[in-house]
Amino acid sequence: MGKPRVIYWFRTDLRLHDSPALKAALEPDPAVLWPIFTWDPHYVYRTKGGVNRWQYLLDCQNDLSKSINKLNPKSKLFVLREAPQTLFPKLFKAWNVTHLVFEKDTDSYARERDQAIADIAQKAGVEIVTRYGRTLWDSDEVVAKNGGKPTMSITQLQTAGHKIGEIPRPIAAPEHLPDPGEMPVNFDQEPPNAQPDLNAAHRGKDDKTYNSIAGPKGDFAIETLEELGFVAATTPHRGGETLAQKKLDCIIADEKYAATFQKPKTSPAAFEPQSTTLLSPFLHFGALSPRLFYWRVQDLVSRYKGASSPPESLTGQLLFRDMYFAAAAAIGPAFTQTLNNPYIRFIPWNLPSKDESGTEVGINAISGEYHVDSAQAEHWFQRWKVGVTGFPWIDALMRQLREEGWIHHLGRHSLACFLTRGGCYVHWERGADVFEELLLDHEPACNAGNWQWLSCTAFFSQYYRCYSPVVFGQKWDKSGALIRRWVPELKDLDEKFVYEPWKASKGALGKAGVKIEGDGLGERKKGTYPEPMFDFGERREICIAAMKKAYQVGLHGDDERVKNGTWRELFEDDDSEVQGVGVGHDDEHADDAEHETHKGKGKREAKQGPMDRHLVKKQKTES
DNA sequence: ATGGGGGTTGTTTCA
DNA sequence: TTGAAACAACCCCCA
């Protein structure tokens, strides 16, 4: 037997430091090692991503390639443009590969893909080696220690983690890398399935991604935005392991900040500089190891007097990340949706997703296809999406997100609450879909989990705690600096009205050079800012009443009645206020609703409640 | 097993 | 100006 000929397959671990998988690849002292990245059509076409995130990925790849090249001038990150499922059988033969090594990934699509790769490797007689390094603990182990169930609270995660044992200490980056072997491409490229292309909207130019396996020059170079057909990115945030390390160093150097960090006390209105670390995009691409981050903080905390502790502390933030990863690992593809998900509450939101289970986009992806069951809700959603709701705090956040790809966690809360249970009563999957496209740090598990949290469909349930689009921002930023930065229409408006310009007098508006008019969609007149979409106080009341009703009904995503539409019967005794929310009901039913209201009000409130709650409990223990 | 305490990140009011 | 308490519609967790 000769020495191993190893492919190291980089995926969501674009780094050299603290990589258990890379360490495992180097341990048998390979004769050759190819560091490769495969440009997977699933990510290119079936994962929504704005230009900002594509640029960030390219940053991470370029930085990694440079670092590899420093360790061995003959090597770099070799990028191959083909789906791994069809590429690897050919590579294994052509390059005479003995081992394929990669970091384990528990995302639904990744699991399915990696299983396929494992089968292919077995047939080819190639040994597969994997290690976990994407979270603090192996998510599957967490699930096992949690009784095979998804971690639905931070205590569950902590208890399970405690049972597994101490979080592994980070591993140093390798000091040497073997030469890559020969890389003949004496085989044909399997053309990708480019339809549907969920990113078509961002491609201003021709998509040349798959013109050849080894790129335009045949040198396995990293793609460019040009090659992908994308126009220029707008975010100021840049990726790469080198930058991640530098930023982490800065954060740890500010001992008081890092050791006493309390997330709920950091301001969502702070920008330049932001109040949180902005390390999440690095974590997403694996340019920063969560375990390195954890131990750099923890070692400081252990010797610091008066340090904060989980869940509010910096390490606590990493625990939440692990919680979502383990929940997603246990629930599988259904985690990112309501349908078929037994752990998520059914709420009859407007604009529900079309059922795409069984289709290609249905695998762990929200394609954005949905039922427009209410023209009103659709109009609100369109205004929310581009930041013209007429609520300056909401619009500022949305515009910051669109341009920079990052907003503070509590800003995300504001946007999410407003779209779902605290304003528009639009399905959280619509919002998750928009965030998936816009966030640099978009992580399927964390994004879906946080939307479930905020919409009170899982993880969190206090739906009467509702973020006000006015007072919540004011609590952090009385003068409206964030609004002035991102909603320049209002930059000269008096502090008294900057959060609610509709209350300003004509004189005050005139002085600020702004008029309140229109819905903000389409061509907007210069010097205008849209009217508020609705009376927030009114909407808040309606939404809370509707949430209460849905909680009493107590359906979950896997309920047959959710799938076959008979859930409607359970909501028919809505009183008139609630009816204002659920659109979709035609006028012919209005009479019935009216009728129900007359005889039902009062009595039912008192009696039905406890009975329904009992029903909910019973259902839960059964499932 | 049941009941009380608590829940990273609400709002309003009052001291 | 800051902090605590009321509001009291939820579910999880632990003893």
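Lettering follows sequence order; numbering is per chain, from 1.
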Between [M] and [N], how far apart are the [atom1] atoms? Round to whole Å, please.
| N | M | atom1 | result |
| --- | --- | --- | --- |
| dA6(C) | dG5(B) | P | 14 Å |
| dA8(C) | dT2(B) | P | 28 Å |
| dG6(B) | dA5(C) | P | 13 Å |

Sequence neighbours left out, what passes side chain to side chain donor-acceptor pair (under 3.5 Å) with [X]? Give chain and number order.
| X | answer |
| --- | --- |
| Q274(A) | none |
| E495(A) | none |
| R383(A) | none |
| R402(A) | none |

(message) Would F418(A) and T389(A) count as a side chain to side chain contact (heavy atoms under 4.5 Å, CB included) here? Give the steps.
(response) CA-CA 10 Å; F418(A) 184 84; T389(A) 63; 4.0 Å; yes
Can you tell me the distance, in whole Å, between the [atom1] atom of [X] and the [atom2] atom of [N]?
| X | N | atom1 | atom2 | result |
| --- | --- | --- | --- | --- |
| E541(A) | dA9(C) | CD | C1' | 11 Å |
| E312(A) | dT8(B) | CD | P | 9 Å |
| R421(A) | dC10(C) | CZ | P | 14 Å |
| F459(A) | dC10(C) | CZ | C1' | 16 Å |
| K149(A) | dC12(C) | NZ | C1' | 13 Å |
| Y551(A) | dA8(C) | OH | C1' | 16 Å |
| I344(A) | dC11(C) | CD1 | P | 15 Å |
| M547(A) | dC11(C) | CE | C1' | 13 Å |

(request) Starting from Watson-Crick (N1-N3 plus N6-O4 or O6-N4) and G-U wobble pairs under 3.5 Å, report the runs of at least three that DNA chain C belongs to. (result) B:2-7 with C:10-15, B:10-15 with C:2-7
(request) Classify the side-chain pair Y132(A)/S139(A) by whether it contains a donor and acceptor separated by less than 3.5 Å. (result)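 Result is yes, a qualifying pair exists.
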Between side-chain atoms of residues 530-538 of chain A and protein atoms elsewhere (two or more places apart, or another chain), which donor-acceptor pairs fall under 3.5 Å?
residue : atom : partner : partner atom : Å
D535(A) : OD1  : G537(A) : N            : 2.9
D535(A) : OD1  : E538(A) : N            : 3.1

(message) So, does R345(A) get its side chain near the phosphate of dC11(C), meaning an N or O under 4.0 Å from OP1 or OP2?
(response) yes
My understanding is that only residues two or more places apart in sequence, or in another chain, count here; which of them pass side chain to side chain contact (heavy atoms under 4.5 Å, CB included) with [X]?
| X | answer |
| --- | --- |
| E378(A) | L351(A), Y370(A), V372(A), F381(A), Q382(A) |
| S280(A) | W406(A), D441(A) |
| K496(A) | D494(A) |

(request) Write out all pairs satisfying side-chain hydrogen bond (donor to acceptor under 3.5 Å, both in side chains) with one or both partners inside residues 142-154 of chain A, taking only residues at least two apart or from two chains. (result) S153(A)-T155(A)
Polar-atom pairs under 3.5 Å, protein N or O versus N or O of nucleotides 13-15 of chain C: list them with distances, or write none.
residue : atom : partner : partner atom : Å
dC13(C) : OP1  : S153(A) : OG           : 2.4
dC13(C) : OP1  : Q156(A) : NE2          : 3.2
dC13(C) : OP2  : Q156(A) : NE2          : 3.3

(message) Within the 4.0 Å limit for protein heavy atoms, which parts of nucleotides 9-15 of chain B are touched? Write it as a string from 5' to 3', B for base, S for sugar-phosphate only, - for none.
(response) BBSS---
(message) Between R484(A) (side chain only) and S479(A) (backbone N and O only), is there a donor and an acceptor less than 3.5 Å apart?
(response) yes
(message) Please determine whether any donor N or O and acceptor N or O are separated by less than 3.5 Å between the side chain of S461(A) and the base of dC10(C).
(response) yes
